[in-house]
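Just below is one structure, and these are the notes that go with it.
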Amino acid sequence: MILKAIVAYAENRVIGKNNDLIWHLPDDLKHFKSHTAGKTIIMGRKTWDSLGGRPLPNRRHIVITRKKDFVAKGAEVTHSLEEAIQIAKAEEEVYIVGGAQIYALSMPMIDVLEITEVHAAFDGDAYFPTFNTANFELISQHYHPTDENHQFSFTFKTWVRKA
Ligand SMILES: NC(=O)c1ccc[n+]([C@@H]2O[C@H](COP(=O)([O-])OP(=O)(O)OC[C@H]3O[C@@H](n4cnc5c(N)ncnc54)[C@H](OP(=O)(O)O)[C@@H]3O)[C@@H](O)[C@H]2O)c1
């Protein structure tokens with residue numbers, strides 16, 4: 001199984017505020033969808049809540065929580081990252097989709113980082129953890145300029161952990 005993380009973060013590493021996303025970038029949402037469609041996604045309970053308590057179409061959802069009685073309709077509930085990875089281990093590709101706590105927890109295990117760097121700084125309360133770029137190879141990057149639908153420019157970057 002290949003473990004990937006997919007995230008959009010700002011210049012100051014902000015990923016969210018008040019348990020929500022901050023920016024609206026339709027082509028980044030498309031990018032997220034094209035990567036994760038048909039795949040398994042692992043998320044923290046707060047990110048699950050930020051989806052409105054219902055799953056995204058056509059994806060297997062695994063939620064991590066410490067709450068023993070937590071029920072998430074349309075998702076599988078686990079109580080540790082290890083358990084989440086264990087129940088997904090037969091899958092070819094699994095995506096960690098946040099939030100800040102779950103990115104930090106999983107970073108040592110991530111094989112591939114699919115990052116959208118948003119070229120602006122934001123006030124927020126959730127951050128993507130720093131990672132050592134020396135441990136990863138940047139295999140692709142693609143710049144998206146601002147346009148009528150995108151208030152901020154951004155760059156898609158794919159980093160693969162070095163062997
Ligand atoms: N920009 C992006 O790409 C992106 C992607 C995803 C999320 N976000 C943003 O990130 C923010 C949410 O991030 P967050 O860090 O606050 O929350 P989170 O990582 O989504 O979820 C945190 C929760 O996960 C559970 N958890 C954490 N560590 C655990 C452990 N070791 N064992 C068992 N359960 C554990 C706990 O749930 P319980 O409290 O239920 O025990 C904890 O409250 C939101 O603003 C969201 O919009 C941004």
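For ligands, and for the atoms within them, numbers begin at 1 and follow the listed sequence.
What sits closest to atom 20 (O) of ligand 1 on the protein, heavy atoms only, is T47 OG1, 2.6 Å.
Between N18 and ligand 1, no N or O atom pair is found at a separation short of 3.5 Å. Polar contact with ligand 1: present for A8 (N/O pair, distance under 3.5 Å). Among the atoms of D125, none of the N or O lies under 3.5 angstrom from an N or O of ligand 1. Taking only nitrogen or oxygen atoms, main chain and side chain alike, W23 does not reach within less than 3.5 Å of ligand 1. Taking any N or O of I15, backbone or side chain, at least one lies under 3.5 Å from an N or O belonging to ligand 1.
Neither the backbone nor the side chain of M43 comes within contact range of ligand 1; no heavy atom lies under 4.0 Å. When non-hydrogen atoms are compared, ligand 1 lies under 4.0 Å from the backbone of D20 (N, CA, C, O) but not from its side chain. At a 4.0 Å heavy-atom cut-off, ligand 1 touches V97 through the backbone alone. Contacts between A100 and ligand 1, counted as non-hydrogen atom pairs separated by less than 4.0 Å, involve both the backbone and the side chain. Contacts between Y103 and ligand 1 below 4.0 angstrom, taking non-hydrogen atoms only, involve the side chain exclusively.
The minimum heavy-atom distance between I102 and G98, with the atom names listed, is CB-O, 3.6 Å.
Applying the 4.0 Å criterion to heavy atoms of H79 picks out, from ligand 1, the atoms 32 (N), 33 (C). Residue-ligand proximity, V7 to ligand 1, at heavy-atom distances under 4.0 Å covers atoms 3 (O). Per-residue contacts place G16 under 4.0 angstrom from the following atoms of ligand 1 (heavy atoms of the residue considered): 45 (O). Listed by number with element, the atoms of ligand 1 under 4.0 Å from a non-hydrogen atom of L105 are 31 (N).
Taking only non-hydrogen atoms, the option from E83, K17, R45 nearest to atom 23 (C) of ligand 1 is R45.
With respect to K46 and D49, no salt bridge is recorded, no charged nitrogen being found less than 4.0 Å from a carboxylate O.
V112 and I115 fall into different hydrophobic clusters, where Ile, Leu, Val, Met, Phe, Trp and Tyr side chains are chained together by heavy-atom contacts under 4.5 Å.
Residues F154 and H119 place their aromatic rings such that the two centres sit no closer than 6.0 Å.
F122 and F152 have perpendicular rings, their planes meeting at more than 60° on a 0 to 90° scale where under 30° would count as parallel. F128 and Y9 have parallel rings, their planes meeting at less than 30° on a 0 to 90° scale where 60° marks the start of perpendicular.
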